[in-house]
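Just so we're on the same page: letters track the sequence lines, and every chain starts at 1. Please read all numbers here as calculations on a predicted model, not as lab measurements.
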Amino acid sequence: MMSSETSTKSLLIKNARVIDPASSYDAVADLRVHGGRVVESFPSGVQPKEIEASGLVLAPGLIDIHVHLREPGQSAKETIRTGTAAAAAGGFTTVVAMPNTSPVADSVDVIAWLKQRSLETAVVHVLPTGCISKGMSGELLAPIGSLVRAGVVAITDDGQCIQSNELMRRALEYAKMFDIPVFDHCQDFLLSGGGVMNEGYWSHVLGLKGWPAIAEEVVIARNALLAELTGAHVHCQHVTSAGGVRILREAKERGVPISGEVCPHHICLTDEMLQGYDTNYKMNPPLRTRGM
Amino acid sequence: MRCSFFDIMNWTRKDLVGIRGLSAEEIQLLLDTAASFKSILGRSIKKVPSLRGRTVVNLFIEPSTRTRISFELAAQRLSADVISISKESSSIQKGETLKDTALNLQALNADFIILRHTAAGSAQFLAERLQSSIINAGDGSHEHPTQALLDTFTLRENLGSVEGKHVVIVGDILYSRVARSNIWALTKLGARVTLVGPSTLVPDMFKQMGVEVRRDLDAVLPDADVVNLLRIQHERQQKTMFPSLGEYIALFGLTASRFKKCKENVLIMHPGPMNRGVEIASEVADGKNSVVLEQVTNGLAVRMAVLYLLSGGTAMTDAPSPGDS
């Protein structure tokens with residue numbers, strides 16, 4: 001009885017590839033956990049539960065800062081339970097949920113509901129984001145201060161890039177008061193037009209309307225300028241092109257508070273995949289061309 | 001008499017969705033077969049029994065005059081049963097998907113579905129999902145293979161061969177399925193292709209398809225064996241692509257005076273419908289160098305050849321006689 005109680009509190013994870021970015025540690029090792037902490041050795045008499053982990057990675061919980069849990073309103077696509085279960089399966093212990101739900105997360109009510117629902121059904125930590133604009137319509141600011149008090153960690157109109165440079169400037173100035181970052185899905189809707197894939201050789205061959213990288217890059221450039229002006233942190237979502245990376249790099253070198261993220265599919269796949277019109281390769285922003 | 005080439009080269013594809021995937025030999029086979037069928041069109045009895053008992057469905061989800069009637073007639077001349085469906089007269093109007101409509105047609109034993117659709121890739125989409133043969137009669141801005149075949153056929157008939165000939169295609173290339181199919185057919189058969197038009201409608205990107213891209217029509221015309229004029233497609237156009245029709249005509253319209261820069265025996269082609277006075281002046285469209293109506297006649301022979309080869313017909317050099325089965 002004594003030993004079984006001890007085993008739940010003590011873990012010996014053997015032969016894992018232990019990665020700790022904070023200390024730059026990366027080696028195959030055994031790890032001991034006792035009483036909720038990593039320990040060098042167990043107190044005498046402890047019988048730890050043993051886990052054989054050869055071939056597996058052992059790391060601090062990963063954080064995904066761009067997920068769609070689709071609740072409330074679109075639970076046919078995904079729920080907090082299914083989305084967080086998928087996160088856990090991939091080693092992610094914290095996810096940042098986008099606000100383009102139905103209704104959109106532009107009010108304290110929606111954030112409060114989301115937090116309650118996460119307590120009931122999530123299997124990893126869920127951090128909510130709120131909208132930049134009311135109704136995500138790009139016209140008036142959402143009640144950002146109230147959203148921050150309700151618990152949002154960032155604001156974004158993900159999927160509905162703020163087209164007005166004036167509104168984006170105000171959003172950044174306002175968000176700076178609360179020291180939260182502003183996430184932006186970078187897409188100039190006039191330049192991307194009705195585009196359904198990357199504008200390039202394959203869009204020309206396939207006769208499909210192109211969504212050029214420049215439609216993303218002009219907004220990243222806009223964001224770099226506005227971040228520099230306001231001092232607020234802009235985070236550019238799912239960057240797809242070398243041009244976008246260049247603008248981010250140059251801005252960061254100047255000390256501008258700007259950052260970016262990239263999706264695995266934008267690194268691994270290219271617009272050539274669309275030559276059979278397989279819509280599994282259709283996404284927004286689209287797959288770009290092969291790098292040099 | 002059979003040519004030995006045709007004994008080894010037979011058509012093996014179920015569908016015709018585009019020219020890009022075809023070999024030069026397959027294109028030649030289609031053109032040679034069309035030549036055989038063209039001789040039938042001059043007879044008093046213009047019908048052969050090759051497709052007797054087969055069902056051909058024209059599924060036209062986008063308006064068309066020439067192509068639809070041409071396919072209907074081609075199928076009738078081959079003795080097939082032909083049904084034509086438009087968007088307005090089908091349940092697509094009620095929200096039925098293209099796939100479901102096509103599966104229903106297949107369930108009614110349609111051997112061929114000839115599809116005209118606004119969406120690029122729609123013909124390939126059906127070809128991958130149905131046992132029926134799918135013939136692309138134009139899918140968005142992607143391909144219009146039978147138009148390219150009839151253009152190439154007309155060119156070959158007038159000039160003897162395609163190889164080495166300089167074909168200039170003028171106008172709205174970006175939105176043109178006719179241009180794309182022509183580019184593939186002509187380059188595969190060894191023609192030199194030059195695209196001319198404003199940089200917004202003819203991006204330099206097209207050079208990667210193995211063609212030249214030029215902006216100066218006046219400089220290109222004296223060297224052209226064929227000038228193929230494409231319609232400015234108002235329905236697919238964005239407002240920002242060029243300033244005005246007037247400016248377009250000034251720079252890229254084949255006006256009567258500009259036509260004088262062409263070789264004396266130049267072929268003038270247009271896939272229709274023409275915007276007279278825009279991309280082509282009436283004097284040029286109706287002039288002695290124009291083969292616009294020949295293209296239409298040849299379209300019938302080409303479409304008979306496509307239907308015939310897709311139905312499993314063997315290659316031939318002689319036209320089937322009315323008694324053949």
**Study point:** Results of salt bridge (charged side-chain N to carboxylate O under 4.0 Å, His left out) for B:Arg180 - residues two or more places apart only
**Key:** none

Review point. CZ of B:Arg215: more than 12 outside heavy atoms within 6.0 angstrom?
Key: yes

Exercise for review: Count the heavy atoms belonging to other residues, nucleotides or ligands that lie under 6.0 Å from NZ of B:Lys14, then report whether that count exceeds 12.
Suggested key: yes

Check your understanding: Side-chain contact, heavy-atom cut-off 4.5 Å: A:Gln237 with A:Cys186?
Key -> no

Review point. Which region of A:Val205, side chain (C-beta onward) or backbone (N, CA, C, O), has a non-hydrogen atom less than 4.5 Å from a non-hydrogen atom of chain B, or is it both or neither?
Key: both

Report all side-chain donor-acceptor pairs from residues 267-276 of chain A shorter than 3.5 Å, counting only partners two or more places apart or in another chain.
residue	atom	partner	partner atom	Å
A:Asp271	OD2	A:Asn198	ND2	2.9
A:Glu272	OE2	A:Arg290	NE	3.1
A:Gln275	NE2	A:Glu272	O	3.2

**Study point:** Salt bridge present between B:Arg231 and B:Glu279 (N-O < 4.0 angstrom)
**Key:** no

Review point. Hey, which residues of residues 191-200 of chain B are touching chain A, say heavy atoms under 4.5 Å apart?
Key: none

**Study point:** Residues that B:Phe71 engages under ring pair (Phe, Tyr, Trp, His ring centres under 6.0 Å), provided they are two or more places apart
**Key:** none

Exercise for review: Could you check which of B:Gly121, B:Pro203, B:Gly18, B:Ala119 has the highest count of heavy-atom pairs closer than 4.5 Å to chain A?
Suggested key: B:Gly121

Exercise for review: Could you grab the distance from atom CD1 of B:Ile85 to atom CG of B:Asn58, nearest 0.5 Å is fine?
Suggested key: 8.5 Å

Review point. Given that the side chain runs from C-beta out, which part of B:Ile183 has a heavy atom under 4.5 Å from chain A: side chain, backbone, both or neither?
Key: neither

Practice item. Could you look at B:Glu128 and say if it's the side chain, the backbone, both or neither that has a heavy atom under 4.5 Å from chain A? Key: side chain

Review point. For B:Gln208, is it the side chain, the backbone, both or neither that has a heavy atom under 4.5 Å from a heavy atom of chain A?
Key: both

